[in-house]
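Remarks on the structure that follows.
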There are 2 protein chains.
Amino acid sequence: MRVVARNADYTKEYNRKLVLRLLRHQPLSRAEIARRTGLTRASTSLIAAELLNDGLVREMSPVANPRGRTSTPLMLCPEAGYAIGIYLNRDGCSAGLVDIGGNIIVSNEIRMTGEGDKLEPLRQVIQQLSQTEGVQRERLLGIGISAPGPLDGESGRILNPPRFDLWHQVEIGPQLQEATGLPVFLANNATCLASYHCGRPESYGSSNFLLLLVDSGVGSGVISKGKVLKGAGYFTSELGHTTIRYDGRPCACGNIGCLEEYAAIPKLLNGTGFHSWKELVDALDSDPEAVYLMAQEAEYLSAAIVNLTNLVRIDSVLLAGDLLYGAERIMPLIERRVNRRCLSYGCQPIRVYPSASVPGIRILSAADMAFDRLLRI
Amino acid sequence: MRVVARNADYTKEYNRKLVLRLLRHQPLSRAEIARRTGLTRASTSLIAAELLNDGLVREMSPVANPRGRTSTPLMLCPEAGYAIGIYLNRDGCSAGLVDIGGNIIVSNEIRMTGEGDKLEPLRQVIQQLSQTEGVQRERLLGIGISAPGPLDGESGRILNPPRFDLWHQVEIGPQLQEATGLPVFLANNATCLASYHCGRPESYGSSNFLLLLVDSGVGSGVISKGKVLKGAGYFTSELGHTTIRYDGRPCACGNIGCLEEYAAIPKLLNGTGFHSWKELVDALDSDPEAVYLMAQEAEYLSAAIVNLTNLVRIDSVLLAGDLLYGAERIMPLIERRVNRRCLSYGCQPIRVYPSASVPGIRILSAADMAFDRLLRI
DNA sequence: ATCCTTTTGTTAATCTGATTGACAAAATTA
DNA sequence: TAATTTTGTCAATCAGATTAACAAAAGGAT
């Protein structure tokens, strides 16, 4: 066990990051920062002066208070930092340059053929994005990559994605790090989305939630006490492989009866008259089969959510992916089932919400990892 | 979000606790502490001087090194701190006074009738234990209580334990805190045992493990990254209520098909010729039914463990309770099933071990919470 | 208008911790 | 015996936050 002691350097860095994190999602005056952090106003002033000097923060126009002197809010300069967000999928990727204010400056789509060096197109697009005018090299903080699992976020390696052969066993992290000299952060789609929602109003103020990404598979990202839930070896949650049928169908993962085998949209619709979740939702008021299938989907998901929440209590579930369409129909079904069945001694009931539908969220959430890790304390 | 800044006070306290934690389980020289913490030798010396002065630490006789000057190891004084550990069960409790070196100084058993003030006997035994000769009041650090779940460790309230009516809804934490003026820490048996194993050789060096306590119920304690896994509201894991049969028997918790309904020993043995786990184990070589039942038990437990490890990857499972008897027979059964079915991209296989069988472990693990929390950083 | 109160933001002096760099102490090796 | 290695201590220094004072900027009371 190597544990590091604290010293003045650490203290300074910690407090600086603390202030930056506070300013990440809203502007605050020096006095307000002092109140929220427990720092004295004097210390806050010193830190603010340094951040102003470094060009990370700027003063906004003064704001009147109910009583007393006006305060001048500080805001994070959007141009204080940039990151490149890359969203990988089966046959290509979307990539974009994002500033720390959450604006996509430029973006790009690439299709991949699978021939030659798979990383070459990525290197090119990164090269191109990082030469965007007005972006100084030293302001480019890192590269965030959102990819379908399974992968090893720590070593930056994509493992053995089913139906995703293109990227089989590619050490994307180290290789891009090598090529660009920038830190690379890799996470699966759902974890990436979950991480993006944390601390934002889009997550309804919760810092203990499950993000459930249902489309051709079932992905999960769990935020517990404001941090991505990670186990040994930085393995992140795979709710898609919770067993919900002990005598069920075999899954590619080697187990049987996995949630994904039932709740992934193609699996749910297999053998029915529906070809997409949208089609099913649109038929809800006319076709009893649609109603039945949605109830089934809610049943499958709820079974897995109950198992999760009995292990790591969450207070809400955010739906993402196909389920966003007609979310208001399935939300109460899941909510009722989950709360009826989970242990809940003295806890608030679990709420189900739609996740944020922000334009470009796939690129934004990927890039966000780079910002988040660099402000991480 | 209230997040506190760091200052010199924090730094000092952090480093002091860091050193004390390092010395908790083995003696180390100043130079070795410096190497492990990253502190300079000078700082380590200063901290050590203070700890020596406070009587928390003492010097051992010098030890020769392969080369260079001899080093004088520092050890935590066993009498540096004491805690009272209380293990509650259905009809009474065991209580003991424990020193920080892990020695039980005095202990006591109480039977409870359920009449009158349930807390009065506890107050008396605490009073009595805390007046043990040679124990200064200011060295008594707290009271740790290990109880069958469910309970709310944070508010110190026992909730609604099935088959445990005596303690229904008792606010044991605040009440004993009020009566004694000491901090009170409450956790369920399994969590308490898990926490005790963490950081000790008894947990085989792991800091990501599940402790599975199987007897009349199924309790679980998960240690992830060296800390007890807690969700929102400080809810701890309840693997006993993972669904392993979607069409199974109703459980007292309101769900159906919970692990506990199948794997708790009385449930497993119900309707068989066996009256205890020991009887079953002893019959393994002569009675095929015993073999079948043990395989069943392994099957049930494995199903739940797989679900757990797909959410929060662990590297080992420690068996406690009845399963300790004949553990070497069931261990490989569980190990094989779990590793065959869980996601394990690039991870080491999960190992199953017996938990420590230390005399008085119930009292020790309860008391340990008080020590642990006070050294917690 | 003027004073009082409240709140914000700044400043210089101070405090408190770890670090630096030197050194003595205690052992082994050449 | 001298050189080397490692441990542990000391005084001087450094680097942060804090303290306590103050000026600045508003609103409300007289």
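Proteins get letters first, then strands, A, B, ... in listed order; numbering begins at 1 in each.
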Nucleotide interval of DNA chain D bounded by contacts with chain A (heavy-atom cut-off, under 4.0 Å): D/dG16 to D/dA26

Sugar-phosphate only, base, or nothing, as touched by [X] at under 4.0 Å among non-hydrogen atoms:
X: A/S71; answer: sugar-phosphate
X: B/T44; answer: nothing
X: B/A31; answer: sugar-phosphate

Residue whose closest nucleotide on DNA chain D lies nearer the 5' end, B/S29 versus A/T70: B/S29

Can a donor-acceptor pair be found, under 3.5 Å and without considering hydrogens, that links the side chain of [X] to the backbone of [Y]?
X: A/K225; Y: B/G231; answer: yes
X: B/T40; Y: B/S43; answer: yes
X: A/N65; Y: A/G68; answer: no
X: B/D54; Y: B/L56; answer: no

Salt bridge (charged side-chain N to carboxylate O under 4.0 Å, His left out) partners of A/R58, counting only residues at least two apart: A/E79

Salt bridge (charged side-chain N to carboxylate O under 4.0 Å, His left out) partners of A/E32, counting only residues at least two apart: A/R35, A/R36

With a 4.0 Å limit, can you tell me whether [X] has a side-chain N or O closer than that to the phosphate oxygens OP1/OP2 of [N]?
X: A/N7; N: C/dT19; value: yes
X: B/R41; N: C/dA18; value: no
X: B/S43; N: C/dT19; value: yes

Electrostatic pair A/R6-B/E13, nearest N-O below 4.0 angstrom: no

Any residue of residues 47-58 of chain B with a heavy atom less than 4.0 Å from an atom of DNA chain D: none

Geometric class of the B/Y204/B/Y353 ring pair [parallel <30°, tilted 30-60°, perpendicular >60°]: parallel

Pairs satisfying salt bridge (Lys or Arg N to Asp or Glu O under 4.0 Å), at least one member in residues 367-377 of chain A, at least two apart: A/R21-A/D372, A/R24-A/D368, A/R200-A/D368, A/D372-A/R376

For DNA chain C, the residues among residues 61-68 of chain A that have a non-hydrogen atom under 4.0 Å from it: A/N65, A/R67, A/G68

Upstream residue (5' side of DNA chain C) when A/A8 and A/R69 are each assigned their closest nucleotide: A/R69

Criterion side chain to side chain contact (heavy atoms under 4.5 Å, CB included) on A/Y196 and A/I361, from CA distance to verdict: CA-CA 9 Å; A/Y196 178 80; A/I361 193 168; 4.0 Å; yes

